[in-house]
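Report on the following structure.
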Amino acid sequence: MKVSVIVPSKGCNYLNYALSALRGQTINFHETILVVKGCNIKEAEDLCRKAGLSCVVIEQRSGFFAYALNLGKKNTTRYLLLLYKVDFNQLSDTGMTSRSLSVNHKTLRYNRGFSQLVDMSREQLLVITERYWPEGGGGELATHLILEIPQKEFNIIVLTGTQNSTKLR
Amino acid sequence: MYEPLLAKREKVWLWLNTSRLASSQRFQKMLRESDVVYIPRFSFPIIPHAKKFGKKVIVHLHDYIPVSYTAIVLAPYEEHGYRMSRDNIMLECRQDLKHCLGAATLWRLPTLARKWLTHADKIICVSKRHADIITAFVPELRDKIEIIYNPPQLELLMEEPKRNPDDIPTFLYVCGDSYIKGFYYILHAIKRLAEQGIRAKLVLAGNYGYRSLQLIRALIQRDNGIQVEVRGRISQWTLFTIRQRVWALLFPSLTEEPLPYAVVESLLLGNVPISAAVGGVPEIVSGPPAEYFLYKPGDAEEFVGKIRELASYTPEDVATMGTKLRQHALKLFNLENIEKALLKVLTE
């Protein structure tokens, strides 16, 4: 299977983390399309070269995220598309490292509308519990404290029979 | 997200409702969009449905539901294991006729839980003893079990507690008038300590019914050296403030507690736990000085003896012991190790 990856980015300072993460994936990408906005194109090309990736760097002059994706999609050779839905400005805020991005490689969400399009984003953790803190005792408190741990790695959805349950921080 | 189908607390109704939820379209859509399903309580009927969608399922056990109808195992399990069903019926019949009839007819319900659990990818137990008891009864789960301690509250780890033990030996009991948590051992201790002329103060937190309060009142009405302060159900932060001045936590539980938070918090706040050696307690209260204050489960006289012994210490001795206990607990409940182990299970 040949895979093209589109990386829309406004945060060129963090691009090297994403590129080294891409390099560390278990499959080889056929092509990497970098759609950059407000970045030095030459610098982005250098980073690609350093990471040993075959990149196409496109400068985005207008529009937002979806426009960047469409721009990237137009320039691929139409293999299976992989989107890095991570804003690299947020990357530093969330504390995600290139390693956790590699872990997230497992998450390829096939978009039903576009069978050849997959979206690479955080994994989803579905929690099903009849009781949640502050209802109950030690087990419920433990569950609440435990769920505060994987918040960086997962989107967490808690389904519970407790009304007015404590929200995750 | 509130889900009314999970609002029932009785196991039979909960499991019937959870099965209904699992078959609903909206839930199946949620399942499809999820990568990992995490079940920390009893909603086990979801497991086979999640597996049908090829999802990873992690079950986090905080009790003994796969082996016991009441989700508890009386201590020591080596003596109670073979008669667990009888124990469960006896415990439920202590409550009322409805519970008694329920237990007498549905005592085989854990078999169903075991069947669902065999489909899970990983099962997290909270202490070694907890895992040992589960695997002793359900050996087929052995390869799926991981042992991870529950994380303590961040505030307890970060902030150095203020320790200011009272001049008079002060003991804290937090479990209310629950029979299985050892309320009657507390009553016995009050009576025996008063008979022996020991000066001490007991702070009782948790829920106490009218009859229990009458029993306490009857014991303290006699003019003796024991003072009892019933605080009832109080917030955690009030409890932490009380813990600054108490000498020890009394934890005379009759069950194999997997990893009681009361004891974990007492270690982190520097209160000596005078506890029955049940469940995960000996595992976390290992080594001097705290290990000395564990006693054989069910031995009420040994329990009184340990209280008497601690009451003979000075407040300074108690404060020194508290510092050692906290250091020990900080090593044991290293948040980084707990996080690493948990993320490994979730992402592997």
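Every chain is numbered from 1 and lettered A, B, ... according to where its sequence line falls, protein lines coming before strand lines.
- For A:Ile157, the part lying under 4.5 angstrom from a heavy atom of chain B is the side chain only.
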Checklist entry - Are B:Ser43 and A:Glu130 close enough, and set up right, to give a side chain to side chain donor-acceptor pair (under 3.5 Å), and what steps lead you there? => result CA-CA 7 Å; B:Ser43 305; A:Glu130 58 277 17; 2.9 Å; yes

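- Both the backbone and the side chain of B:Ile39 come within contact range of chain A, judged by heavy atoms closer than 4.5 Å.
- Judged purely by atom type and a 3.5 angstrom limit, B:His62 has no side-chain atom pairing as donor or acceptor with the backbone of B:Arg41.
- Of the two parts of A:Glu140, only the side chain, counted from C-beta on, holds a non-hydrogen atom closer than 4.5 Å to a non-hydrogen atom of chain B.
- Looking at B:Glu257, there are no atoms closer than 4.5 Å to chain A (heavy atoms on both sides), in backbone or side chain.
- Checking each of B:Lys51, B:Lys56, B:Lys144 against B:Asp121 for a salt bridge (charged side-chain N to carboxylate O under 4.0 Å, His left out) leaves exactly one that passes, namely B:Lys51.
- Note on A:Ile149, A:Thr143, A:Ile128, A:Thr162: by heavy-atom pairs under 4.5 Å with chain B, the leading option is A:Ile128.
- A:Leu147 touches chain B through its side chain: at least one heavy atom from C-beta onward sits under 4.5 Å away, while N, CA, C and O do not.
- Ring planes of B:Tyr173 and B:Tyr208: tilted class, angle from 30 to 60°.
- Neither the backbone nor the side chain of B:Pro258 comes within less than 4.5 Å of any heavy atom in chain A.
- The shortest heavy-atom contact between B:Leu335 and B:Pro151 is CD1-CB, 3.8 Å.
- Per-residue heavy-atom pair counts under 4.5 Å with chain B were compared for A:Glu135, A:Glu148, A:Lys167, and the maximum is reached by A:Glu135.
- Looking at heavy atoms from C-beta onward, B:Asn150 lies out of side-chain contact with A:Leu145 at the 4.5 angstrom threshold.
- The residue among A:Ala142, A:Gly137, A:Gly138 with the most heavy atom pairs within less than 4.5 Å of chain B is A:Ala142.
- In summary, of the residues considered (B:Lys8, B:Arg20, B:Arg26), a salt bridge (charged side-chain N to carboxylate O under 4.0 Å, His left out) with B:Glu3 occurs for B:Arg26 alone.
- Contacts of B:Tyr38 with chain A are made by both backbone and side-chain atoms, with heavy-atom separations under 4.5 Å.
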